[in-house]
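Structure in structure tokens, see below.
Keep in mind it's a predicted model, so treat the numbers as computed, not measured. Chain A is the first sequence line, chain B the second, and so forth, proteins listed ahead of strands; every chain is numbered from 1.
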Amino acid sequence: MRIDESSEQTGTQSFNDGYSINPGSELGTAGFLEPQLAIATNPLETTLSQSELDLRTQEAVTEGQSLSPIEASLRRLGRDKRAMVCLAVIIFMVVASYVFPIFYLHMGPNIQGGIFGNASVPPELYHYMQHQELLNLDAPSSLAHPLGTDQLGRDILARLMAGVNVSIQVALFVEIFDVVLGLIIGVLAGFFGGWIDTFLARFTDLMFAFPTLLFAILAAATLGPAFVDALGPQGRLILVSIAIGITVWPQMARFVRGQTLQLKEQQFIEAARMSGSSNQRIMMQHIVPNLFSIVVAAATLDIVGTITAEAAISLLGLGVEPPGSSLGLMINDAAQRINISLWEILWPTITLSILVLAISFLGDGVNDAFNPRTKD
Amino acid sequence: MAEKLLDVQHLRTHFFTRAGVVKAVEDVSFYIDEGETLGLVGESGCGKSVTSLSILRLLESPPGKIVGGKVLFQGEDILEMNREELNALRGGRAAMIFQDPMTSLNPVYPIGYQIAEAVKAHLKLDDKAAMNRAVEMLDRVRIPEARRRLNHYPHEFSGGMRQRVMIAIALSCNPQLLIADEPTTALDVTIQAQVLDLMKGLAQEFRTATLLITHDLGVVAGSCDRVNVMYAGRIVEAAPTTTLFAKPAHPYTQALLAAVPRSDTPKGSRLAAIGGQPPNLINLAPGCPFAPRCPKAQARCRAELPPLETVGPNQQAACFYPY
């Protein structure tokens with residue numbers, strides 16, 4: 001008898017404890033637990049009227065808001081600490097590289113410099129990323145040049161920020177290209193099947209066969225001068241971006257096609273067709289929004305490849321042309337001075353590493369949060 | 001007697017596959033009167049779903065192709081309709097409920113939007129009126145707090161509730177014909193009964209004729225006025241529900257009924273089963289397709305195909321030796 005009583009007591013106690021520790025978590029468990037509690041503690045009140053129950057569930061449910069799958073994924077991503085730190089790093093680098101140069105041009109003392117070393121040079125000049133202080137080459141960190149100068153006396157911090165800008169521009173351009181082309185071709189191939197699929201899938205395979213770097217090098221070497229003539233100094237960059245984009249989209253198209261094939265078999269597609277929706281409407285309304293997760297996850301991971309590819313091409317001297325700046329170009333320049341000043345190569349490599357690592361980790365986080373297959 | 005709403009005549013649907021031509025639906029004729037519920041029963045793979053998909057031309061083509069017959073819907077042949085007429089018919093005058101409620105709603109939209117979408121397209125209502133209609137329909141299918149639930153996503157509903165949402169979508173445009181393709185297969189038994197009662201009640205209320213496809217004879221007994229039994233792509237027996245259960249004519253129907261487990265079967269006894277497998281629809285032997293599994297098969301059954309003939313009042317069967 002006694003043992004029974006005590007065990008019963010501890011049972012209710014732990015139940016009560018659980019309840020008090022966690023009063024109404026996300027789903028509003030309070031409302032669901034209450035009736036049970038009432039039954040457990042008060043044997044006289046064993047039943048609740050339907051209206052009372054309704055009232056309770058209503059209270060419980062209104063507390064938790066309704067989340068779309070995308071909102072739920074974003075929330076999952078928000079809980080991923082590593083991804084959030086990386087996101088902060090990326091946002092910092094992007095904002096800093098675009099905004100900080102404006103202020104940087106007005107920061108710092110006037111220095112003795114110029115061609116003969118006797119002129120007073122204001123920061124507006126020497127903090128311009130193309131300005132050369134020819135008497136102050138390979139200088140270490142100083143008040144005027146926080147990260148020192150390179151082999152032509154240019155401010156390394158200014159060039160670093162310009163280089164990050166280039167990386168981000170290329171990444172954005174390539175990703176837009178990648179997503180648009182990958183989505184269109186993947187959805188069309190997956191949705192229509194038949195000869196359209198055969199044609200598009202074979203075309204995708206064909207494009208997939210190009211190695212990114214080799215293709216970009218080939219394009220830059222053969223068409224580079226023509227693009228520079230036509231579009232000015234930015235021409236090479238645009239050409240390289242297009243070349244990378246061309247080799248990146250087949251992967252995206254494959255993902256999208258695979259997912260579309262799966263989605264197409266879901267009954268809501270059949271139901272949509274049943275309710276009189278046209279093919280175009282089914283693709284835009286029902287397929288594409290459901291591809292959001294996989295596209296976001298794949299695109300984030302593609303950025304890593306894009307940024308490193310651009311750096312590699314610039315490193316080989318086929319990307320951004322010298323007066324301009326790029327992380328790859330800076331590494332190439334600095335590599336020749338590695339015996340004289342080690343820091344010159346450290347800054348761009350460290351920056352590139354941090355950028356790539358941060359995006360890569362963020363990509364992993366996005367993949368975990370958005371990809372339905374990796375869920376829990 | 002009410003007018004024929006849907007009249008399917010000699011429908012033939014074949015699948016052209018690498019292994020050969022699968023005659024999934026072969027010379028199927030039946031009709032549904034206004035407001036009536038017709039059951040279509042049979043084993044898996046006997047052509048029930050293909051029949052329903054053929055009626056609304058929802059088959060993937062290729063490989064599926066309707067090779068013959070007529071599907072008259074209020075006198076118009078659906079098989080002759082052009083794309084616009086079809087789109088206006090589907091979801092408007094004829095609606096369909098699918099088997100798996102878990103995948104029949106689009107996960108990225110709130111359900112209110114999904115109901116309103118159908119309403120806007122077919123009833124030409126504006127956004128607000130469509131939303132009101134959605135609330136009304138959710139109320140009708142007894143989803144509590146309909147107005148608040150409008151903004152919820154499919155993953156926030158249970159299977160039974162999703163199927164009710166599907167019913168709400170299907171009935172939102174006042175269709176004259178509702179095709180329900182195994183609407184309760186994916187639900188557990190108590191929910192099945194609720195959903196079936198709901199469908200039955202609403203179909204009566206809206207004066208909607210229902211084609212109920214199922215392999216569950218219990219479902220048929222509970223909700224159908226008449227039953228067609230399919231086997232190997234053909235209708236083998238057609239009768240009012242009471243007649244079919246009281247006096248099944250075709251040996252296949254008899255075997256099906258015998259295979260239903262009953263509460264009064266002695267404990268420990270084996271469940272009755274129909275021996276063998278349904279035939280391969282690619283190479284059908286001449287004669288009755290059920291003959292290899294039929295306990296009463298005679299030489300004639302293996303040589304000749306029995307036509308669907310009247311065997312009793314309102315009862316037809318495709319068998320040389322009925323009862």
Side-chain angles (χ1 to χ4, degrees), chain A residues 26-28 50-51 53-73 191-195 197 259 261-294 370 372 375, chain B residues 52-53 56-63 83-115 117-122 144-145 148-156 162 166 169-170 172-173 175 179 181 186:
Chain A
E26 274 168 285
L27 283 170
Q50 185 60 42
S51 61
L53 274 173
D54 272 354
L55 217 64
R56 277 160 199 250
T57 45
Q58 189 176 355
E59 277 165 14
V61 180
T62 37
E63 277 164 26
Q65 72 205 91
S66 189
L67 291 177
S68 74
I70 289 166
E71 288 166 333
S73 299
F191 186 78
F192 285 111
W195 66 267
D197 184 28
Q259 189 72 11
L261 283 176
Q262 245 180 36
L263 282 170
K264 199 173 69 162
E265 299 306 317
Q266 304 269 311
Q267 275 180 355
F268 64 84
I269 301 296
E270 209 173 336
R273 190 168 280 137
M274 181 54 232
S275 64
S277 301
S278 62
N279 278 340
Q280 191 194 347
R281 191 174 164 78
I282 290 174
M283 279 189 275
M284 295 309 289
Q285 282 266 310
H286 297 284
I287 305 251
V288 172
N290 275 295
L291 292 169
F292 184 84
S293 303
I294 199 162
F370 277 85
K375 207 181 282 178
Chain B
S52 71
L53 293 175
L56 291 167
R57 281 174 52 193
L58 283 167
L59 280 177
E60 289 270 336
S61 174
R83 194 175 283 267
E84 283 94 70
E85 288 172 320
L86 256 186
N87 284 348
L89 173 85
R90 293 169 179 172
R93 287 187 291 159
M96 190 157 178
I97 300 172
F98 296 92
Q99 183 171 350
D100 184 4
M102 303 316 269
T103 66
S104 47
L105 288 162
N106 189 333
V108 300
Y109 297 112
I111 56 151
Y113 174 85
Q114 300 193 43
I115 304 177
E117 196 192 13
V119 177
K120 273 193 278 190
H122 292 287
E145 297 181 76
R148 202 174 52 76
R149 293 295 257 169
L150 277 186
N151 299 318
H152 284 201
Y153 289 85
H155 69 91
E156 294 169 281
R162 287 190 212 187
M166 286 311 292
I169 292 176
S172 61
C173 301
I179 298 178
D181 190 353

### Query
With the threshold set at 4.0 Å, does a side-chain nitrogen-carboxylate oxygen contact exist between A:R281 and B:E117?
yes
### Query
Is any side-chain heavy atom of A:D197 closer than 4.5 Å to a side-chain heavy atom of A:F191?
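No, too far: nothing below the 4.5 Å cut-off.
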### Message
Does any backbone or side-chain atom of B:L58 lie under 4.5 Å from a heavy atom of chain A? Answer side chain, backbone, both or neither.
### Response
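Just its side chain gets close to chain A.
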### Task
Can you tell which part of B:N151 gets under 4.5 Å to a heavy atom of chain A, answering side chain, backbone, both or neither?
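Only the backbone of B:N151 comes within 4.5 Å of chain A.
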### Query
Do you know which of B:R57, B:R83, B:Q99 has the most heavy-atom pairs with chain A at a distance under 4.5 angstrom?
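Greatest number of close heavy-atom pairs with chain A: B:Q99.
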### Task
Check whether B:L53 gets within reach of chain A through its side chain, its backbone, both or neither, counting any heavy atom under 4.5 Å.
side chain
### Query
Side chain, backbone, both or neither: which part of A:E270 has a heavy atom under 4.5 Å from chain B?
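Contact with chain B is through both the backbone and side chain of A:E270.
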### Query
Checking A:Q262 side chain against A:Q259 main chain: does a donor-acceptor pair fall under 3.5 Å?
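Pair absent, no side-chain N/O of A:Q262 close to backbone of A:Q259.
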### Message
Counting only non-hydrogen atoms closer than 4.5 Å, does B:M102 touch chain A with its backbone (N, CA, C, O), its side chain (CB onward), both, or neither?
### Response
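Contact with chain A is absent: no heavy atom of B:M102 under 4.5 Å.
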### Residue selection (most heavy-atom pairs with chain A, distance under 4.5 Å) from B:G91, B:A95, B:A88, B:S104
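Most pairs with chain A among the choices: B:S104.
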### Query
Any side-chain heavy-atom pair from A:I269 and A:I287 closer than 4.5 angstrom?
yes
### Task
May I ask you to test the B:N106-B:P154 pair for a side-chain heavy-atom distance under 4.5 Å?
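No, side chains not in contact.
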### Message
Looking at chain A, which one of B:A118, B:P110, B:P107 has the largest number of heavy-atom pairs inside 4.5 Å, strictly under?
### Response
B:P107
### Task
Report the relative orientation of the aromatic rings in A:H286 and A:F268; use parallel for angles under 30°, tilted for 30 to 60°, perpendicular for over 60°.
tilted
